[in-house]
Amino acid sequence: MVYDSATAVETDTIIRTENTSIYYGDFKAVSGVNLDIYRNKVTAFIGPSGCGKSTVLRCFNRTNDLIPGCRVEGRVTFHGEDLYSKDIDPVQVRRRIGMVFQKPNPFPKSVYDNIAYGARINRYPGNMDELVERSLRRASLWDDVKDKLQASGLSLSGGQQQRLCIARAIAVEPEVVLMDEPCSALDPISTLKIEELMNDLKQLYTIIIVTHNMQQATRVADYTAFYNAQEAKGGKMGYLVEVLPTDELFNNPKEQSTKDYVTGRFG
Amino acid sequence: MSSFAGESQRFTKQMISKRNSPERIADQGFFWLTLVMAASVALLLIWIGLQIFTAAFPAISTYGLGFLTSTTWNPVSNVYGLLPQIYGTLVSALVALLIAVPLGVGVAVFLSEDFIPYTLRDAISMGIELIAAIPSVVLGLWGIFVFVPFMRPFYTFLNSTLGWIPLFAGSPRGFSLLTLSLVLSVMIMPIIISISRGTLNQLPPELRLGAMALGATRWETILRVLIPAGLSGIIGSVMLALGRAMGETMVAAMLVGNANRLSASLLDPGSTIASLIASQFAEAGRVQVQVLMYAGLVLMFMTLVINIVAEMIIKKFQNIE
Amino acid sequence: MTQASQDSSSDAMLEKLKTKPGSTKELFNKFMTGLTAFFTVAILIPLVAVVFDVAREGVGQLGLNVFTERPPAPGLTGGGFGNAIVGTLITLGIASLIAIPIGVLAAIYLSEFGRGTKVAYGIRFAANVLTGVPAILAGLFSYSIVVINFGGFSAFAGGVALSVLMIPIVMRTTEEGLKLVPRGMRDASLAVGATQFQTIAKVVVPAALPTIATAVTLAVARAGGEAAPLLFTALNNNFWSFDPGRPIATLPVLIYFFSIIPYRPQQQLAWTAALVLLGIILIVSVTSRFLTRQKQF
């Protein structure tokens, strides 16, 4: 593919991987991913466990850097800029590309301080109270917690904690929010709330979500990427099978293995 | 609506480039600071060895290895030999192990099984940890005024009935290698119990289930399966305890009798390297200080070898597990 | 299962399964259980005896004056060990100033930066070996550096010697405390663009602070009972001293010297000092154990 970084900014692509492989030491965990992530869309990563979908997600905000021995080959670009270029500061990357994790992980601080944490770190110049309220409203948590902003974040229910984590992630106003199975630890009602939330949030942010749940992908995602794994030296090696608009991937996939997976024949 | 460098602003590469921001400099500096501090902990061990070696060097070149095999200690004529102290150090520590190992391992087994309710086991292990918290100088004080007078009749009895054995010969006065060993055994028991118990608790449950399924009784399982499986951890704990017993100073200085003699009898007063240093250092002249440094180096060498072996045994076990 | 199926043959089977009270196996089991139970009780006897005897011998002299007065001249009665309490606090303070920063920062390296690396493994190994180095050698070390080169016996030399004992304890226990902070806390902080330093300083260390504090307290309690490293560093002092550059009295050293001199009043004072020292150390040990046991996450 001929790729011109100048046009990428003009089009809707915000993150692009070009033949990206991820290694843990000598072990190749993910092989040769080519993928475009579009601005203000929700992209879902699905596939059987061990297919590397979370690993790919984490390489977008360079969280893999913190794992000793992990390295990325190929290019990962953000607005056409190579994220793994030497002059890029991973800390600043994570400011632009936020993340919500599988298990709700609020700090053992108050609700208010949880939200304000990132803004304080980044020397937010505006009114902190307004930012906290705005972030909580966007995460549809304001009505639940407006009377207990000084209560510990750990005192909230599981679903509320996860929305608090979403509010914390968007409080630093990133462009992209990565969500690594954000609902896997939640009950169905809390899950539904977060799915509704994603539909609202994509007006403002680009969202990439890893999910085990195919129905969830059909409910929230504009695009869906299917990953699969094959046996390789030292364990399973993940690779991207195909990425299509969600309807098409589920109803009319190009690859047979995708068809087998979405119809429940394996995985 | 936002004044933050957020979604409203147009992306530039500047935003994610490395800059020499105070945060970045603090981050780098902090990393190196912690690394230097961590390395200094390891270097401290080497520094202690080198420092004592340097201070002992004049004595080493004067007295050589003969220091280790000579029995005379005469500061007036500057004749020194450490053999009685090496002997006392080893014998008192080994006798302490002889007492502490069976008791310690027995208690470790008892506390790792469910003979009594968990809360009671927990309370007992807390009591055992408190033994380790008693300052050795307090144990020494107790030893001088309570334990030695209390034991004297037993020593006399031992001497009169078993005095024909060299081990119990002599005229027992109370302050002796045996007294030191008995108190040392109390001090090292907590080490043996806590590490052995930890090892036994970490054994995979399948081991026990497998043995039980073959029809072994509980104690057959413990003696033939669990203790052999946890042996490296138990041996490691015994080695650590040995190192601790050899290096213990205050109890030795206060209870061993500080006699520079080489006697086969446990009931005779003796001396250990640590008690020698503690009792003589403050009043020592220049040459004697160098000699005591040499003695310290010998003690360091002995305990270091034992501790390194112990750590390797325990680490090896943890890796397998 | 129906009633009819429990025929006589299964009754016989059941009979076989019952333990036979007289069998050697059963007797052996009972014997071993009884023996180890006896051991367990037996090893607690010294603890009870020491605590009881120290309380009995020491409580008679215990009064306000022992905290406010200095020891009497040999053979005279009265007085106290207030100067030794102050001295213990000063030497421990100096030791803490050296050991806590080194121990905590080293622990941060092991837990936050060096996890799983060979360097961290080596440092941890060295620290464990350092824990086993006899306390008297810490005294020789400090003597050969501080006493010889910096104007003789001093509280500072004592503090340096004690810090050698404290550093590995502070480091290992702090590391354990840091490891208890869930991975997710760090991830969450890094994901909003915090540096590792900010993450450690604002999230990890505050979350681990209760554990670190009790760890440090335990290390202080441990070092506070040591006499051996102080014998020829801080030495002793019969008078009040607040000067880190001069010899100073400490509780453990006072107990040692007063227990080996043949004057009854001094021996009496040694018992009372032992009661104070033992009391503080046992109370600190018990409470910090209860504090660390409270689950935070």
Side-chain angles (χ1 to χ4, degrees), chain B residues 23-24 26-27 30-31 33-35 37-42 44-45 48 51-52 55 103 106-107 109-110 115 124 126-128 130-131 133-135 137-142 144 146 186 189 217-219 240 243-244 247 249-250 254 274 277-278 281-282 293 296 299-300 303-304 307-308 311, chain C residues 25 28-29 32-33 35-37 39-40 43-44 46-47 50 53-54 102 105-106 108-110 113 122-123 125-130 132-137 140-141 144-145 164 167-168 171 195-198 221 225 227-228 231-232 235 252 255-256 259-260 270 274 277-278 281-282 285 289:
Chain B
E23 284 86 0
R24 241 181 85 76
D27 199 37
F30 185 67
F31 168 78
L33 179 67
T34 61
L35 179 58
M37 289 302 172
S40 73
V41 174
L44 179 58
L45 185 64
I48 294 173
Q51 196 65 43
I52 296 177
L103 262 78
V107 173
V109 168
F110 186 79
F115 292 121
I124 291 173
M126 183 148 177
I128 292 167
L130 290 184
I131 297 177
I134 301 174
V137 72
V138 173
L139 275 176
L141 175 76
W142 179 78
I144 291 175
V146 181
V186 172
M189 207 110 56
T217 64
R218 191 205 282 256
W219 274 99
L240 279 185
R244 198 61 52 86
T249 305
M250 298 321 293
M254 292 162 92
I277 299 172
F281 200 97
M293 286 287 179
L299 179 63
M300 175 137 189
T303 52
L304 220 52
N307 277 308
I308 289 173
E311 285 301 325
Chain C
K25 275 188 175 186
F28 178 70
N29 265 345
M32 287 305 287
T33 308
L35 186 68
T36 51
F39 284 173
T40 308
I43 61 153
L44 291 173
L47 175 72
V50 170
D53 289 332
V54 169
I102 296 179
L105 288 169
I108 288 175
Y109 176 79
L110 294 185
F113 298 111
I123 289 166
F125 191 92
N128 284 354
V129 175
L130 192 57
V133 168
I136 184 110
L137 297 183
L140 290 184
F141 173 68
S144 69
I145 293 175
V164 172
I167 286 172
M171 187 187 90
T195 62
Q196 266 189 293
F197 172 55
Q198 287 168 325
L231 285 176
F232 35 84
L235 208 67
I255 295 170
Y256 173 59
S259 68
I260 57 170
L277 185 63
L278 188 64
I281 287 178
L282 290 190
S285 302
R289 271 195 57 124

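Order of the sequence lines fixes the chain letters, A, B, ..., with proteins taken first and strands second; residue numbering starts at 1 for each chain.
- No side-chain heavy atom of B:Thr249 sits less than 4.5 Å from a side-chain heavy atom of B:Ile277.
- Side-chain contact between C:Phe113 and C:Gln196: present, with at least one pair of heavy atoms (C-beta onward) separated by less than 4.5 Å.
- If you tally non-hydrogen atom pairs under 4.5 Å between each of B:Ala39, B:Gly127, B:Ala274, B:Gly140 and chain C, the highest count goes to B:Gly127.
- Interface remark: C:Ile136 contributes backbone and side-chain atoms alike to the contact with chain B (heavy atom separation under 4.5 Å).
- The nearest pair of heavy atoms linking B:Met293 to B:Ile52 is O-CG2, 3.5 Å.
- Applying the ring pair (Phe, Tyr, Trp, His ring centres under 6.0 Å) test to C:Tyr109 and every residue at least two apart in sequence or in another chain returns nothing.
- The closest donor-acceptor contact from the side chain of B:Gln51 to the backbone of B:Ile48 lies at 3.5 Å or more, if one exists at all.
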message: Evaluate B:Phe110 against C:Phe39 for side-chain contact (heavy atoms from CB on, under 4.5 Å), listing each step before the verdict.
response: CA-CA 9 Å; B:Phe110 186 79; C:Phe39 284 173; over 6 Å; no
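- Judged by distance alone, with hydrogens and angles left aside, the side-chain atoms of B:Asn307 form a donor-acceptor pair with the main-chain N or O of C:Gly132 at under 3.5 Å.
- Counting heavy-atom pairs closer than 4.5 Å to chain B, the top-ranked of the candidates C:Asp53, C:Val133, C:Leu35, C:Ile260 is C:Asp53.
- Among B:Leu130, B:Val186, B:Ile128, the residue with the largest count of heavy-atom pairs under 4.5 Å with chain C is B:Leu130.
- Between chain B and the residues C:Ile43, C:Val164, C:Leu282, C:Leu110, the largest count of heavy-atom pairs under 4.5 Å involves C:Ile43.
- Proximity to chain B is limited to the side chain of C:Val54, based on heavy atoms less than 4.5 angstrom apart.
- For chain B, the option among C:Ser144, C:Ala270, C:Ser285 with the highest count of heavy-atom pairs below 4.5 Å is C:Ser144.
- The candidate with the highest count of non-hydrogen atom pairs below 4.5 Å against chain C, out of B:Gly106, B:Ala282, B:Ala38, B:Pro135, is B:Ala38.
- Between the CG atom in B:Asp27 and the CZ atom in B:Phe30 there is a gap of 9.0 Å [rounded to 0.5 Å].
- Contact annotation for C:Leu137: both backbone and side-chain heavy atoms come within less than 4.5 Å of a heavy atom of chain B.
- Counting heavy-atom pairs under 4.5 Å between each of B:Leu139, B:Leu33, B:Thr217 and chain C puts B:Thr217 at the top.
- Per-residue heavy-atom pair counts under 4.5 Å with chain B were compared for C:Val129, C:Leu140, C:Leu231, and the maximum is reached by C:Leu140.
- Looking only at side-chain heavy atoms (C-beta outward), B:Ile131 and C:Pro46 stay at 4.5 Å or farther from each other.
- Residue contact with chain B, scored on non-hydrogen atoms closer than 4.5 Å, involves the backbone and the side chain of C:Ile102 alike.
- In this structure, the portion of C:Ile281 lying under 4.5 Å from any heavy atom of chain B is its side chain and not its backbone.
- Residues B:Ile124 and B:Val107 fail the side-chain proximity criterion, which asks for heavy atoms closer than 4.5 Å.
- To the nearest 0.5 angstrom, B:Met37 atom CE is 11.0 Å from C:Ile108 atom CD1.
- Looking only at heavy-atom pairs under 4.5 Å with chain C, the residue among B:Gly243, B:Ala55, B:Ala278, B:Ser40 that has the most is B:Ala278.
- For chain B, the nearby parts of C:Met32 are the backbone and the side chain; heavy atoms of each come within less than 4.5 Å.
- Heavy atoms of B:Leu45 lying under 4.5 Å from chain C belong to its backbone as well as its side chain.
- With chain C as partner, the option from B:Val138, B:Leu299, B:Leu103 having the largest number of non-hydrogen pairs under 4.5 angstrom is B:Leu103.
- Looking at B:Phe31, the atoms closer than 4.5 Å to chain C (heavy atoms on both sides) sit in the backbone and in the side chain alike.
- B:Leu240 has its side chain within reach of B:Glu311: a pair of non-hydrogen atoms, C-beta onward, lies under 4.5 Å apart.
- Neither the backbone nor the side chain of B:Val109 comes within contact range of chain C; no heavy atom of the residue lies under 4.5 Å from a heavy atom of that chain.
- Of the two parts of B:Met300, the backbone and the side chain both hold a non-hydrogen atom closer than 4.5 Å to a non-hydrogen atom of chain C.
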